[in-house]
Amino acid sequence: KTTPESILNFLKYLGFYDYQTFVETYYKHKRIRLEQIEERMENLNICTYVERIKVSNDNKEFLKKIEEVCTKIHESKRVILVGALYPMSIAVEFQTDMIFNENDYVIFTSSSGRSLEGFMYTRTNLSLQNTTSLLITQNPTYARRKLTTDTIQVPGRFDGINFNYQIMTIFDLIRVMYYQKYIEKQG
């Protein structure tokens with residue numbers, strides 16, 4: 001059983017004199033962090049990101065798709081990242097004991113698309129039917145196969161280095177658009 005004394009002991013272990021000091025420090029750090037994010041996001045132009053990716057000739061359609069991704073992220077209870085290449089390989093910890101739920105938004109990144117199929121094959125207990133999902137790939141074949149709810153196909157021929165930069169830029173674009181649509185308007 002957790003007692004007020006055990007909470008105070010834990011807070012003292014963390015270096016706080018009392019509960020009030022902890023709360024004040026927490027809110028101060030939260031405010032500072034939000035100010036840092038706001039400062040970074042200020043005056044960012046999303047068109048710069050789109051030009052960097054060079055996804056298609058139709059930038060408006062691409063931006064519409066990114067905006068849909070932001071909406072799906074916002075409406076989801078959980079966002080799960082799955083990928084084969086760096087920087088997505090850092091998501092491996094999220095992949096090990098995965099169970100997809102109805103309100104999840106699952107984002108797969110795979111230059112060839114094969115890792116999505118392999119991932120689903122090795123986890124026979126998983127189904128994407130109850131989730132909303134997105135595949136970011138260079139492979140037009142996987143884009144046409146509709147294994148996920150939605151697909152973003154980027155140009156390239158399974159070039160891991162270029163694809164890494166493309167997905168980093170796409171995630172930056174999602175982050176900026178999400179901030180502008182859902183966070184900035186609250187402030």
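The analysis underlying the following values was restricted to heavy atoms, covering all of them including side chains, and did not include hydrogens, waters or symmetry mates.
The closest side-chain donor-acceptor pair between Thr71 and Lys181 falls under 3.5 angstrom.
Contacts of Lys65 classified as side-chain hydrogen bond (donor to acceptor under 3.5 Å, both in side chains), with partners at least two apart in sequence or in another chain: Asp150. By the side chain to side chain contact (heavy atoms under 4.5 Å, CB included) test, Tyr19 is found to be paired with Leu8, Leu11, Phe22, Val23, residues two or more places apart in sequence or in another chain being considered. Glu68 is linked by a side-chain hydrogen bond (donor to acceptor under 3.5 Å, both in side chains) to nothing, counting only residues two or more places apart in sequence or in another chain. Residues meeting the side-chain hydrogen bond (donor to acceptor under 3.5 Å, both in side chains) test with Tyr178, sequence neighbours left out: His74. Residues forming a side chain to side chain contact (heavy atoms under 4.5 Å, CB included) with Thr151 (at least two apart in sequence, or on another chain): Leu135, Thr137, Ala143, Thr148. A search for side-chain hydrogen bond (donor to acceptor under 3.5 Å, both in side chains) contacts involving Asn9 returns nothing, not counting sequence neighbours. Residues passing the side chain to side chain contact (heavy atoms under 4.5 Å, CB included) test with Tyr49 are Leu44, Arg52, Thr169, Asp172, Leu173, Val176, sequence neighbours excluded. Shown here are the side chain to side chain contact (heavy atoms under 4.5 Å, CB included) partners of Glu38, two or more places apart in sequence or in another chain: Tyr179.
Counting only heavy atoms from C-beta outward, the side chains of Tyr165 and Ile170 never approach each other to under 4.5 Å. Counting only heavy atoms from C-beta outward, the side chains of Tyr105 and Ile107 approach each other to under 4.5 Å. Counting heavy atoms from C-beta on, the side chains of Leu134 and Thr149 never come closer than 4.5 Å. A heavy-atom distance below 4.5 Å is found between the side chains of Gln180 and Ile46. Residues Ile73 and Tyr182 have side chains not in contact (no heavy-atom distance under 4.5 Å, counting atoms from C-beta outward).
Separating the NZ atom in Lys1 from the OG1 atom in Thr3 is a distance of 8.5 Å, to the nearest 0.5 Å. Annotation: the span from Glu75 atom CD to Asn103 atom CG amounts to 10.0 Å, rounded to 0.5 Å. For the atom pair Asp104 CG and Arg78 CZ, the distance stands at 4.0 Å (nearest 0.5 Å). The CZ atom of Arg144 sits 8.0 Å away from the CG atom of Asn139 when rounded to the nearest 0.5 Å. To the nearest 0.5 angstrom, Ile136 atom CD1 is 5.0 Å from Ile152 atom CD1.
Heavy-atom minimum distance, Pro155 versus Gln138: O-NE2, 3.5 Å. Across all non-hydrogen atoms, the minimal contact from Ile66 to Met177 is CG2-SD, 3.2 Å.
Summarising the local packing, CD of Gln36 is surrounded by more than 12 heavy atoms from other residues, nucleotides or ligands at distances under 6.0 Å.
Leu14 is connected to Tyr27 through a chain of hydrophobic side-chain contacts under 4.5 Å among Ile, Leu, Val, Met, Phe, Trp and Tyr, so both are in one cluster.
Checked by atom type and distance alone, the side chain of Ser6 never pairs as donor or acceptor with a backbone atom of Thr2 at under 3.5 Å. A donor-acceptor pair under 3.5 Å is formed between the side chain of Thr25 and the backbone N or O of Thr21.
Among pairs with a residue in residues 21-33, those fulfilling salt bridge (charged side-chain N to carboxylate O under 4.0 Å, His left out) read Arg31-Glu35, at least two apart in sequence or across chains.
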